[in-house]
Amino acid sequence: MPNIIEVTDFSSPALDAFARLTEGQLRRRLEPEKGLFIAESPKVIQRALDAGYEPVSLLMERRQMDGPAREIMTRCGDIPVYTAGREVLASLTGYPLTRGVLCAMRRPQLPSVEALCAEKRRIAVLESIVDPTNVGAIFRSAAALNMDAVLVTPTCCDPLYRRSVRVSMGTVFQVPWTYIGSTPADWPGPGLERLRSLGFRTAAMALCDTSVSIEDPRLAEEEQLAIVLGTEGDGLSPHTIAACDYTVRIPMAHQVDSLNVAAASAVAFWQLRAR
């Protein structure tokens with residue numbers, strides 16, 4: 001049975017995860033293996049539960065309890081369900097709740113790169129992408145366009161940031177992912193060598209004089225291909241581009257020089273998908 005608790009004391013430590021802890025504090029709370037993240041909206045929470053993520057507590061508008069959140073409450077067992085009216089919760093969190101439901105969940109133990117990439121043919125690598133909206137959108141494209149996995153460099157935005165999770169529509173729980181390295185020194189050199197040892201050829205998405213068209217048939221013929229996408233603005237580092245097997249461009253028209261990294265990812269995932 002749900003443990004329903006009416007919110008009357010905004011200072012309660014039980015509400016810290018929803019109202020006072022930053023994304024970084026959520027991630028590191030207690031010990032790293034006990035870190036938390038926030039899933040927002042019934043659909044996103046359902047996808048997290050489907051993927052086996054462990055809920056810790058719920059915060060929701062009172063009217064959601066007899067609506068879209070009823071099934072979530074049933075699935076979450078006896079965890080605390082904090083509730084109040086819309087205005088009260090907006091005062092607590094500092095913003096209106098998207099679709100009226102938040103769920104604090106435990107972070108999973110991520111697999112090793114080797115375990116994640118075993119028997120995979122197409123993976124995406126996100127280098128230093130710092131905008132959580134872009135990270136979420138890339139995960140959504142990766143899920144829709146059948147990427148086998150996503151690797152995230154140590155300086156990339158956390159895929160489990162609240163906004164990343166929301167923009168991904170929960171697909172961050174469906175596409176296998178992990179970090180490739182734990183410090184900035186682990187990428188690009190050691191990380192790219194790691195991928196090569198696993199049988200992957202690497203394709204750096206970048207506009208330069210030596211790049212080949214994304215339509216080059218050699219790319220589609222690669223048995224295992226890692227598609228490397230760079231940060232907003234500067235793109236991939238010169239060291240990454242130089243060390244990859246291919247440098248790949250998306251042909252542009254009307255003197256447009258480039259696409260947003262999230263849009264470019266969708267084009268790349270579709271064109272370079274395993275055949």
Side-chain angles (χ1 to χ4, degrees), residues 13-60 69 72-73 75-82 93 97-98 101-117 123-140 142-143 147-184 186-187 191:
L15 299 174
D16 284 352
F18 301 108
R20 285 175 285 276
L21 296 182
T22 66
E23 297 278 8
Q25 289 169 331
L26 282 169
R27 186 175 179 178
R28 296 186 297 270
R29 191 177 194 185
L30 301 177
E31 299 89 33
E33 66 272 16
K34 295 181 181 179
L36 304 175
F37 70 94
I38 302 297
E40 185 174 355
S41 88
K43 179 179 287 187
V44 168
I45 296 167
Q46 292 280 21
R47 284 181 171 169
L49 294 173
D50 290 343
Y53 283 70
E54 180 187 352
V56 174
S57 59
L58 287 157
L59 179 71
M60 67 180 66
I72 292 171
M73 292 168 60
R75 293 184 65 180
C76 288
D78 61 355
I79 67 170
V81 179
Y82 300 100
T93 61
L97 301 191
T98 299
V101 187
L102 299 177
C103 185
M105 304 189 110
R106 296 212 183 278
R107 286 178 169 269
Q109 182 174 355
L110 295 175
S112 69
V113 171
E114 288 71 20
L116 185 79
C117 292
I123 64 173
V125 182
L126 312 188
E127 178 185 277
S128 304
I129 297 175
V130 297
D131 186 335
T133 298
N134 283 333
V135 170
I138 291 169
F139 266 90
R140 191 170 182 180
M147 286 290 105
D148 295 320
V150 174
L151 297 177
V152 179
T153 66
T155 54
C156 191
C157 170
D158 179 9
L160 293 181
Y161 275 7
R162 184 175 66 89
R163 186 165 180 80
S164 296
V165 171
R166 188 179 74 195
V167 172
S168 83
M169 291 299 293
T171 55
V172 69
F173 308 126
Q174 298 174 318
V175 180
W177 69 275
T178 196
Y179 284 95
I180 183 162
S182 57
T183 71
D186 294 326
W187 181 268

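These numbers come from the heavy atoms of this one structure, side chains and all, not from hydrogens, waters or symmetry mates.
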Has [X] got a side-chain atom pairing as donor or acceptor with [Y]'s backbone, closer than 3.5 angstrom?
| X | Y | answer |
| --- | --- | --- |
| Ser168 | Ala137 | no |
| Arg107 | Leu36 | yes |
| Thr178 | Val113 | no |
| Arg140 | Met169 | no |

Answer yes or no: is there a side-chain heavy-atom contact under 4.5 Å between [X] and [Y]?
| X | Y | result |
| --- | --- | --- |
| Cys157 | Asp131 | no |
| Phe139 | Ser164 | no |
| Tyr179 | Asp158 | yes |
| Leu49 | Cys76 | yes |
| Tyr161 | Val135 | no |
| Val101 | Leu58 | yes |

(request) Dump the intermediate steps for side chain to side chain contact (heavy atoms under 4.5 Å, CB included) on Leu160 and Val172, then the final yes or no. (result) CA-CA 8 Å; Leu160 293 181; Val172 69; 4.3 Å; yes

How long is the straight-line distance from [atom2] of [Y] back to [atom1] of [X], given to the nearest 0.5 Å?
| X | Y | atom1 | atom2 | answer |
| --- | --- | --- | --- | --- |
| Glu54 | Ile79 | CD | CD1 | 9.0 Å |
| Asp186 | Ile180 | CG | CD1 | 9.0 Å |
| Arg75 | Asp50 | CZ | CG | 4.5 Å |
| Cys156 | Ile138 | SG | CD1 | 7.5 Å |
| Arg47 | Ser41 | CZ | OG | 9.0 Å |
| Glu127 | Leu151 | CD | CG | 12.5 Å |

(request) Decide whether Thr133 and Arg163 meet the rule of one side-chain donor and one side-chain acceptor closer than 3.5 Å. (result) yes

(message) Using the side-chain contact (heavy atoms from CB on, under 4.5 Å) definition, which of the options Leu126, Ile123, Leu110 pairs with Trp177?
(response) Leu110

(request) From the options Ile72, Val81, Leu102, Ile45, select the one residue that forms a side-chain contact (heavy atoms from CB on, under 4.5 Å) with Met60. (result) Val81

(request) Apply side chain to side chain contact (heavy atoms under 4.5 Å, CB included) to Ser57 and Phe18, showing your working. (result) CA-CA 10 Å; Ser57 59; Phe18 301 108; 3.4 Å; yes

Minimum heavy-atom separation for [X] and [Y], please, with both atom names.
| X | Y | result |
| --- | --- | --- |
| Ala124 | Met147 | N-SD, 4.5 Å |
| Ser128 | Thr153 | N-OG1, 3.0 Å |
| Val175 | Ala142 | CG2-C, 4.2 Å |

(request) Give me the ring orientation class for Phe173 and Phe37: parallel if the planes are under 30° apart, tilted from 30 to 60°, perpendicular past 60°. (result) tilted

